[in-house]
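Residues: numbered from 1 along the sequence shown.
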Amino acid sequence: MAARGVMAALLLAAVAASCASAQLQEKFYSTTCPSVEDVVRKEMVRALSLAPSLAAPLLRMHFHDCFVRGCDGSVLLDSANKTAEKDAKPNLTLRGFDFVERVKAAVEKACPDTVSCADVLALIARDAVWLSKGPFWEVPLGRRDGSVSMSNDTKALPPPTANITKLTQMFAAVNLDIKDLVVLSAAHTIGTSHCFSFSDRLYNFTGMDNASDIDPTLEPFYMAKLKSKCASLDDNTTLVEMDPGSFKTFDLDYFKLVIKRRGLFHSDGALLTNAFTRAYILRHATGAFKEEFFADFAASMVKMGNADVLTGSQGEIRKKCSVVNH
């Protein structure tokens with residue numbers, strides 16, 4: 001009987017999650033705010049024409065929102081005592097919060113009290129990819145904003161040091177499978193990273209903290225180049241392109257780098273240790289299946305965007321993304 005009770009509870013939870021996701025609709029604002037996508041895109045075009053490197057941080061912000069408490073805009077909230085998600089170590093390098101507020105203000109001007117910050121962030125992420133020459137997809141909308149943001153919850157974020165087992169578990173926690181893992185990892189085709197996110201591979205792989213304590217899975221010439229940029233474990237400021245040569249363009253070069261053992265993070269290299277993810281990387285490293293990968297990425301982004309969303313009467317529609325309404 002106890003087992004049946006547990007199964008019933010799990011089934012109800014699954015149904016509830018499915019229903020919440022089903023309430024998201026591509027045309028959710030067709031009557032209440034039909035201009036929302038145009039408003040967001042206008043701001044995105046203006047911003048990325050001036051600072052194209054902003055695309056990757058905005059995409060990353062959406063990831064970091066969805067992996068913690070679901071896609072509810074909680075990553076955008078401020079805390080007076082610095083205990084919000086954005087104050088946690090994994091989020092200290094996020095940037096673009098002021099820009100999100102500017103977009104939200106433009107949306108509020110067009111349609112007051114109508115569009116959530118969570119939906120604004122989902123649209124921003126889509127346009128960040130598309131304007132970087134990546135795929136376009138219709139974003140299901142109707143998310144509501146959460147009111148809770150706690151730094152301790154960011155332990156749900158997959159770290160760059162994770163192995164394939166840990167990555168698979170953390171993605172599964174937000175209903176993403178191993179295909180979603182390898183597909184979404186390719187978001188590393190745009191953007192930069194601070195040295196401290198990977199410098200242990202260069203100087204402290206086993207804890208010896210010396211120049212010979214290196215990650216043997218990293219390609220030697222690439223390692224030498226990284227060492228020339230990141231002089232020590234103490235470098236907290238230098239930025240390195242994740243996809244050297246095309247870090248502002250959403251393309252398939254990421255797969256070519258990973259298969260050459262030039263993936264920047266532990267987590268990139270870890271994708272070669274699983275049969276499925278390795279095969280996916282080998283296929284797309286050829287560059288011959290761009291449309292297939294773009295379709296996969298769009299599908300995985302929509303799937304991630306459904307993670308534990310608040311809909312209907314849940315949550316609220318924040319007027320400003322950094323503070324709750326009351």
Side-chain angles (χ1 to χ4, degrees), residues 47-48 50-61 63-64 86 88-97 99 128-129 132-134 154 157-164 166-167 182 184-273 277 281 284-285 287:
L48 296 189
L50 297 173
S53 63
L54 186 59
L58 293 171
L59 175 59
R60 183 175 175 233
M61 194 181 294
F63 279 112
H64 282 222
K86 64 169 60 173
K89 186 176 180 180
N91 287 335
L92 292 178
T93 55
L94 288 180
R95 62 187 181 94
F97 290 107
F99 174 72
V129 172
S132 300
K133 300 184 179 179
T154 59
L157 291 170
T161 55
N163 61 26
I164 194 68
K166 186 67 172 176
L167 289 169
V182 65
L184 294 175
S185 293
H188 292 166
T189 187
I190 56 173
T192 59
S193 175
H194 288 83
C195 289
F196 61 75
S197 295
F198 58 86
S199 57
D200 64 311
R201 304 184 78 188
L202 313 179
Y203 301 106
N204 195 34
F205 188 62
T206 64
M208 295 169 60
D209 192 8
N210 62 56
S212 62
D213 192 14
I214 60 175
D215 182 350
T217 67
L218 200 57
E219 195 272 325
F221 289 104
Y222 183 52
M223 178 174 291
K225 181 167 285 190
L226 291 176
K227 282 193 169 188
S228 72
K229 295 177 182 291
C230 305
S232 73
L233 286 171
D234 299 322
D235 188 335
N236 294 319
T237 57
T238 302
L239 289 170
V240 174
E241 297 173 10
M242 292 192 287
D243 185 352
S246 65
F247 76 105
K248 296 178 184 178
T249 304
F250 196 98
D251 54 29
L252 278 71
D253 285 356
Y254 169 81
F255 298 113
K256 298 175 184 178
L257 292 171
V258 173
I259 209 65
K260 292 177 180 177
R261 297 189 294 126
R262 293 185 176 186
L264 190 60
F265 306 117
H266 291 268
S267 58
D268 296 321
L271 298 175
L272 296 176
T273 65
T277 54
I281 291 168
H284 290 288

Review point. When rounded to the nearest 0.5 angstrom, what distance separates CG in Leu257 from CE in Met242?
Key: 11.5 Å

Exercise for review: Measure the spacing between CZ of Phe196 and SG of Cys230 and express it to the nearest 0.5 Å.
Suggested key: 10.5 Å

Revision key, fill the gap. Here the gap from Thr277 atom OG1 to Asp268 atom CG, rounded to the nearest 0.5 Å, amounts to 11.5 Å

Exercise for review: Would you kindly say whether Asp235 and His194 are connected by a side-chain donor-acceptor distance under 3.5 Å?
Suggested key: no

Review point. Do Thr192 side-chain atoms and Glu241 backbone N/O form a donor-acceptor pair below 3.5 Å?
Key: no

Review point. Is there a donor-acceptor pair under 3.5 Å between the side chain of Ser197 and the backbone N or O of Ser193?
Key: no

**Study point:** Nearest heavy-atom neighbours spanning Ile214 and Leu202
**Key:** CG2-O, 3.3 Å

Revision key, fill the gap. The reported gap from OG in Ser53 to CZ in Arg95 (rounded to nearest 0.5 angstrom) is 4.5 Å

Study note, to complete from the structure: Closest non-hydrogen atoms of Val258 and Ile281, given as atom of the first, atom of the second and distance, are CG1-CD1, 3.7 Å

Revision key, fill the gap. The reported gap from CG in Asp215 to NE2 in His266 (rounded to nearest 0.5 angstrom) is 6.0 Å

Point to revise | Candidate list Leu59, Asp251, Thr249, test side-chain contact (heavy atoms from CB on, under 4.5 Å), partner Ile190, passing option | key: Leu59

Exercise for review: Only counting residues at least two apart or in another chain, list the ones meeting ring-ring contact (aromatic ring centres under 6.0 Å, His included) with Phe255.
Suggested key: Tyr280, His284, Phe293

Check your understanding: Regarding Asp243 and His188, is there a side-chain donor-to-acceptor distance under 3.5 Å anywhere?
Key -> no

Study note, to complete from the structure: ring-ring contact (aromatic ring centres under 6.0 Å, His included) filter on Tyr222, not counting sequence neighbours, yields none

Practice item. Work out which heavy atom in Pro159 is nearest to a heavy atom in Ser267; give both atom names and the distance. Key: O-CB, 4.2 Å

Check your understanding: What is the minimum heavy-atom distance between Ala47 and Leu54, and which atoms define it?
Key -> CB-CD2, 4.4 Å

Review point. Does Glu219 come within less than 4.0 Å of Lys260, counting only side-chain N to carboxylate O?
Key: no

Review point. For Lys256, what residues pass the salt bridge (Lys or Arg N to Asp or Glu O under 4.0 Å) criterion, not counting sequence neighbours?
Key: Asp253

Practice item. Identify the heavy atoms of Leu157 and Pro90 that sit nearest to each other, and give their distance. Key: CD1-CB, 3.8 Å

Exercise for review: Using modelled atom types only, decide if a donor and an acceptor are shared between the side chain of Asn91 and the backbone of Ala88 within a distance under 3.5 Å.
Suggested key: no

**Study point:** Exam field: side chain Asn204 to backbone Met208, donor-acceptor pair closer than 3.5 Å
**Key:** yes

Exercise for review: Without swapping roles, check the side chain of Thr273 against the backbone of Ala270 for a donor-acceptor pair under 3.5 Å.
Suggested key: yes

